[in-house]
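Reminder, nothing fancy here: chain letters follow the sequence lines and each chain counts from 1.
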Protein chains: 2
Amino acid sequence: MAEREYASARDMLTAYEERCANTDDGIIMRELLDRIGDKWALLVIGTLAFGQLRFGDLRAHIPGVSQRMLTITLRHLERDGLVTRTAFAEIPPRVEYALSPLGHSLVKPASALATWAIERIPEIRAARAHFDADT
Amino acid sequence: MAEREYASARDMLTAYEERCANTDDGIIMRELLDRIGDKWALLVIGTLAFGQLRFGDLRAHIPGVSQRMLTITLRHLERDGLVTRTAFAEIPPRVEYALSPLGHSLVKPASALATWAIERIPEIRAARAHFDADT
DNA sequence: CGGGATCCTACTCGATACTG
DNA sequence: CAGTATCGAGTAGGATCCCG
């Protein structure tokens, strides 16, 4: 961002807002966070990035997720076309979940963010400790 | 992800878990989302990416944010070292907010995600409409 | 101007129990 | 096995009022 030269930060902001006026950044970010900002969605996507899995396996690979929340998360991801659900009419039932092409396209930017987090978390924790120190 | 060849998705998952065993992906992602996953944090960061701003200006540039939530969001970001706060002892008071180096380092991965969202939102909306159609 | 303190509501999420 | 249904605690976030 901010490749061009501007007279002031205000000018940059104006240019930024003109550029984004037709898309409305806020709404977009809200829709994005509604899908991947919840507690489990990114973990599900990260896990499915390696291949399709059954419901129970998925749950076993994501420590702490409840049956209910995994179901809800998967429904949301399925609704938004990020994950495909394939049910087999067998006894006992079997359901396979996999990333759709759209879902796969999210893996790269998402793991970029994850990499940032893993690298910077120590800094963040230090900053937090320092901030809390002088109350 | 998944550059190597594996006999099965399960093998990939096992390798993945071994690689991440010491960092615990889930905790990291949770900490990350606790900071940028809330309703306003990413918008604040995106706005401050262009330069420092006063509280009132920041609020004016982020439609819909309440005074309270902007304050809380800024405190969280400040606590985690992503944003710096500079108060000037003047009448009337003036407070400038700016991204720290750590905050700036988040801009690139975050805007990558934003770009993904802007490009893919049409697909997602279509998928959602289709999913809702056959209830 | 830049907040802090309060109240209040709606929603999230976990635990538990039941079903095809 | 893979869900659905229900209940309850906790919390996010908006509205409002006040202060230095």
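In this structure, CZ of B:F55 is placed 18 Å from P of D:dG20, rounded to the nearest angstrom. Look at CG on B:L33: it is 15 Å from C1' on C:dC13, rounded to the nearest Å. Rounded to whole Å, atom C1' of D:dA12 lies 13 Å from atom CG of A:D34. Summarising the geometry, the separation between CG on A:L70 and P on D:dT4 is reported as 11 Å, rounded to the nearest angstrom.
Remark: A:R85 is in phosphate contact with D:dG3, judged by side-chain N or O atoms under 4.0 Å from OP1 or OP2. When the side-chain nitrogen and oxygen atoms of A:W40 are compared with OP1 and OP2 of C:dG14, one or more of them lie within a distance under 4.0 Å. The phosphate of C:dG2 has neither OP1 nor OP2 within less than 4.0 Å of any side-chain N or O from B:R68. OP1 or OP2 of D:dG3 sits under 4.0 Å from a side-chain N or O of A:Y97.
Counting non-hydrogen atoms under 4.0 angstrom, A:E90 reaches nothing in the nucleic acid. If you check every strand for non-hydrogen atoms under 4.0 Å, B:R75 touches sugar and phosphate atoms only.
Atom CD1 of B:I72 and atom CH2 of B:W40 lie 12.5 Å apart (nearest 0.5 Å). Considering CD1 of B:I121 and CG of A:D80, their distance stands at 8.0 Å, rounded to 0.5 Å.
Across the helix from C:dC1-D:dG20 to C:dG20-D:dC1, the helix axis at one end is tilted relative to the axis at the other end by 50° (nearest 10 degrees, each axis from five pairs).
In terms of position along DNA chain C, the nucleotide closest to B:P93 lies nearer the 5' end than the nucleotide closest to the other residue of the pair B:P93 and A:M69.
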